[in-house]
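Naming: A, B, ... by sequence-line order, numbering from 1 per chain.
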Number of protein chains: 2
Amino acid sequence: MTIYDIARKAGVAGSTVSRVLNGQPGISDGTRKRILAIAEAEGFALSENARSLKLKSSMLIGILVSDIRNQHYTEGAYVMVEEFQRKGYCSIIMNAGNSGAAKIDAVRMLSSRRVDGAVFIGSSFSTEEVAKAVSTYMPDTPIVMENGSLPLDNVYTVAAADSAGLRSAVEYLAGSGCRSLAYINANDTPSNRLKRKGVEDAVSKTGLSCIYMETTDSFEGGRKATLRLLEQARPDAVVYSMDILAAGGVRAILDSGLAIPDDISVFGVDNSIYSAISNPSISSVDTSLSAMSAECVRILESAMAGIIPEKRKELPFSLVIRESTR
Amino acid sequence: MTIYDIARKAGVAGSTVSRVLNGQPGISDGTRKRILAIAEAEGFALSENARSLKLKSSMLIGILVSDIRNQHYTEGAYVMVEEFQRKGYCSIIMNAGNSGAAKIDAVRMLSSRRVDGAVFIGSSFSTEEVAKAVSTYMPDTPIVMENGSLPLDNVYTVAAADSAGLRSAVEYLAGSGCRSLAYINANDTPSNRLKRKGVEDAVSKTGLSCIYMETTDSFEGGRKATLRLLEQARPDAVVYSMDILAAGGVRAILDSGLAIPDDISVFGVDNSIYSAISNPSISSVDTSLSAMSAECVRILESAMAGIIPEKRKELPFSLVIRESTR
DNA sequence: TTGTATGCGTTATCAG
DNA sequence: CTGATAACGCATACAA
């Protein structure tokens, strides 16, 4: 079914149907009504493919997520999908995988779909490879990176105040009387490195002792790392780079017969549902995910409209104190 | 940048470039290499818009999610995105909203994008309105409904064994010595109605008593409903239609000074991360989300390939027993 | 092995 | 107010 089928049934030319379906003026009320009625009856919708081809605008937004299993990210993606949808854009979501090649492929796909703009979610896109892929495949398409950055003219950044947030959390713990700390970091990403830096800064400033450990970003990762930790030490407080790790940590600490926060305080990051669900509930650094997502949408829209937005926007954090700290 | 730009630089015709870029045979090795090199250098990718127009296939899959906040669904959506991507499809995800009109709009959008197939996630798509929208806008596009169904030739169903799963959970509780039950249901959806029916069946069969309550599908919803429940009764066990509710319930029960499972057993549904994170961890009906999602992909692919798949597939459930039950 | 010509479903320009 | 026509970027039948 095409506009010509509609045109034939209405006894008009294709261009007239096009005008009517696009709500353009200069069509007699009679023809308009007749065409609309036929289109409605036939369940006809203009082909966005042909439209995109002609108009050189796909009304498509590409959203790249580095890791599907990070609920924090997918949640952010959905906020964006909804927001873009409200403005008439369709979002195509792709899982960029963790290999460099997969990321390059993903960028290429967005390019071949001729997306009007894109959002890359997660700091793992901040690599040379991605920068090169973007500059060769999408040098002129506005791109916003959530928690990442690329030194390119068409790429904008919306970032969480990771360092400052963690610094503040450690200072809070120090203020509540903790003296020996442990910091358990998830996968090595730029974002997590910033968090660690915040911890290190605060540790050296407050004079606390601190054990650093790495693990994978899952409940189990947090649980096992914490068990490992408790075999070798008995810190006052444990800080995790993500709530989901902290939830696993809480489980490990309780299973070890220790009390929270009496024996050990626990701090997480993200202020996600995990920190609220956990029992005891977990104090967390709120990096305002939804605000970040909204900001990504706003900046991308601005750039797509040709209004150059700020190159980098850092969002404030706040501490949400719950039962896991004194 | 088009294939003609590449053609000019390579001193060949557009059709030759098209052939090379599509990996078709019958091109001399020299020309092929030359064209490939130029395309690579220019970062050129064929326009999927033009391709779709010509080939009458968009390689696009539409995924409709009824409610973004249901993590269970979004997680399933991501499994599909990844799976489809592996097969060369792009997924466009849309939030269908809860009003009928929004759902119709969403179907129309998928139609205008000329998606090759679609998945509707969630039982709230099982309405007359959606059926009509599908039959007028996408009468010939294969559609798979996860946990829903529509009486149309092009619509297939993949469903969880909701009733059977809940029946089994209640029987398990009865077997562990529980005599008085409460069932807390989230929003009224076909799927939740099936769950309730399973509970009712088992209750009448086992001779338990049961209080039924409704709430909203969130941690807070579960918590508040449970507090309300405990004001008026003291059941042996509480069954929740979703893990997230059960997590809220656990919190409410513990806050009321009762012990789990000594005073009250708790059962959830979904075997999600929530049931694992909760403390105590929650026994849950596993409706095998990932298996369902994989099945949706399989069925849709089959239908798109012209091989008529089974009209309805119901997946088995299993009980995952954790600390919240005796 | 390669080139020419045509059509896919739209929109926009220009005529009428 | 409406119609004819070209062009968008590609794939393909046919010709060379």
Side-chain angles (χ1 to χ4, degrees), chain A residues 1-36 38-39 42-60 88 90 108-116 137 140, chain B residues 1-36 38-39 42-60 88 108-116 137 140-141:
Chain A
M1 176 82 44
T2 77
I3 50 171
Y4 289 110
D5 297 316
I6 307 290
R8 195 157 21 75
K9 287 181 206 275
V12 298
S15 46
T16 301
V17 175
S18 173
R19 287 181 186 117
V20 170
L21 263 32
N22 283 295
Q24 288 176 22
I27 301 284
S28 78
D29 225 51
T31 357
R32 179 178 302 275
K33 286 223 177 76
R34 188 152 37 96
I35 291 174
L36 249 23
I38 295 174
E42 302 283 333
F44 176 75
L46 286 168
S47 159
E48 278 297 335
N49 286 326
R51 241 169 155 259
S52 303
L53 185 58
K54 181 68 190 174
L55 298 181
K56 294 165 180 307
S57 159
S58 59
M59 292 304 280
L60 234 38
C90 266
R108 253 184 70 92
M109 298 237 40
L110 293 189
S111 159
S112 74
R113 292 282 169 187
R114 302 291 192 266
V115 296
D116 288 347
Y137 295 123
D140 300 314
Chain B
M1 176 85 42
T2 77
I3 50 172
Y4 291 110
D5 296 316
I6 307 289
R8 195 157 22 76
K9 287 182 209 272
V12 298
S15 51
T16 303
V17 176
S18 172
R19 288 181 185 113
V20 169
L21 263 30
N22 283 296
Q24 288 177 21
I27 301 285
S28 78
D29 226 50
T31 1
R32 180 179 301 276
K33 286 224 177 74
R34 190 153 34 96
I35 290 174
L36 249 23
I38 295 175
E42 303 283 334
F44 177 74
L46 286 168
S47 159
E48 278 296 336
N49 285 326
R51 244 171 152 260
S52 302
L53 186 58
K54 179 70 190 171
L55 299 181
K56 292 164 182 308
S57 158
S58 60
M59 293 304 279
L60 233 38
R108 253 184 70 94
M109 299 238 40
L110 293 187
S111 161
S112 74
R113 292 281 168 190
R114 302 292 191 266
V115 296
D116 289 347
Y137 296 121
D140 300 314
T141 309

Participant: Nearest whole angstrom, please: distance from the P of C:dT10 to the CG of A:Leu55.
Facilitator: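 Roughly 12 Å, once rounded to whole Å.
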Participant: When you check the phosphate oxygens OP1 and OP2 of D:dC8, does a side-chain N or O of B:Thr2 lie under 4.0 Å from one of them?
Facilitator: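 No, B:Thr2 has no side-chain N/O under 4.0 Å of OP1/OP2 on D:dC8.
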Participant: Do you know which two heavy atoms are closest between A:Asn49 and B:Arg113, and how far apart they sit?
Facilitator: ND2-O, 4.0 Å
Participant: Applying salt bridge (charged side-chain N to carboxylate O under 4.0 Å, His left out), which residue pairs with at least one partner in residues 20-29 of chain A are found, sequence neighbours left out?
Facilitator: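 Passing the test, one end in residues 20-29 of chain A: A:Asp29-A:Lys33.
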Participant: Between A:Leu53 (CG) and D:dA11 (C1'), how many Å, whole number?
Facilitator: 13 Å
Participant: How close do A:Val20 and A:Ile27 get, counting heavy atoms only, and between which atoms?
Facilitator: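 Heavy atoms only, the tightest pair is CG2-CG2, 3.9 Å.
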Participant: Less than 4.0 angstrom between a side-chain N/O of A:Gln24 and OP1 or OP2 of D:dC1, yes or no?
Facilitator: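 False: A:Gln24 side-chain N/O out of range (4.0 Å or more) of D:dC1 OP1/OP2.
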Participant: What are the two closest heavy atoms between B:Ala39 and B:Ile6, and how far apart are they?
Facilitator: CA-CD1, 4.0 Å
Participant: Rounded to whole Å, how long is the line connecting atom CD1 of B:Ile27 with atom P of D:dT12?
Facilitator: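 In whole Å, D:dT12 P lies 13 Å from B:Ile27 CD1.
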Participant: Testing A:Ile3, A:Ile38, A:Asp5 for side chain to side chain contact (heavy atoms under 4.5 Å, CB included) with A:Phe44, which one passes?
Facilitator: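 Output: one option passes, namely A:Ile3.
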Participant: Using modelled atom types and a 3.5 Å cut-off, is there a donor and acceptor pairing between side-chain atoms of A:Ser58 and backbone atoms of A:Arg114?
Facilitator: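 Answer holds: yes.
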Participant: Once you round it to whole Å, what is the distance between C1' of C:dT11 and CD1 of A:Ile6?
Facilitator: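 Result: 17 Å.
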Participant: For DNA chain D, what residues of residues 42-52 of chain A have any heavy atom nearer than 4.0 Å?
Facilitator: none
Participant: In residues 11-22 of chain A, which ones come under 4.0 Å of DNA chain D, going by heavy atoms?
Facilitator: A:Gly11, A:Val12, A:Ala13, A:Ser15, A:Thr16, A:Arg19
Participant: Would you say a side-chain N or O of A:Lys56 is under 4.0 Å from OP1 or OP2 of D:dG9?
Facilitator: yes
Participant: Just how far, in rounded Å, is C1' of C:dT10 from CZ of B:Arg114?
Facilitator: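 Rounding to the nearest Å, CZ of B:Arg114 and C1' of C:dT10 are 11 Å apart.
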Participant: Expressed as a whole number of angstroms, how long is the span from A:Asp29:CG to D:dT2:C1'?
Facilitator: 15 Å
Participant: Both A:Met1 and B:Tyr4 contact DNA chain C. Taking the nearest nucleotide for each, which residue is further toward the 5' end?
Facilitator: B:Tyr4
Participant: Taking atom types as they are modelled, is there a donor-acceptor pair under 3.5 Å from the base of C:dG9 to the side chain of A:Lys54?
Facilitator: no
Participant: If you take all heavy atoms of A:Leu46 and A:Arg51, which pair is closest and at what distance?
Facilitator: CD1-NE, 4.0 Å
Participant: Checking all strands, does A:Ile3 fall into the base, sugar-phosphate, or nothing category for heavy-atom contacts under 4.0 angstrom?
Facilitator: base
Participant: Could you report the tightest heavy-atom contact between B:Ser111 and B:Tyr137, atom names first, then the distance?
Facilitator: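 Here B:Ser111 and B:Tyr137 meet closest at OG-O, 3.3 Å.
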Participant: What closest approach, in Å, do B:Ser112 and A:Ala45 show between heavy atoms, and which atom pair accounts for it?
Facilitator: CB-CB, 3.9 Å
Participant: Which whole-number value in Å describes the distance from B:Met59 CE to D:dC10 P?
Facilitator: 17 Å
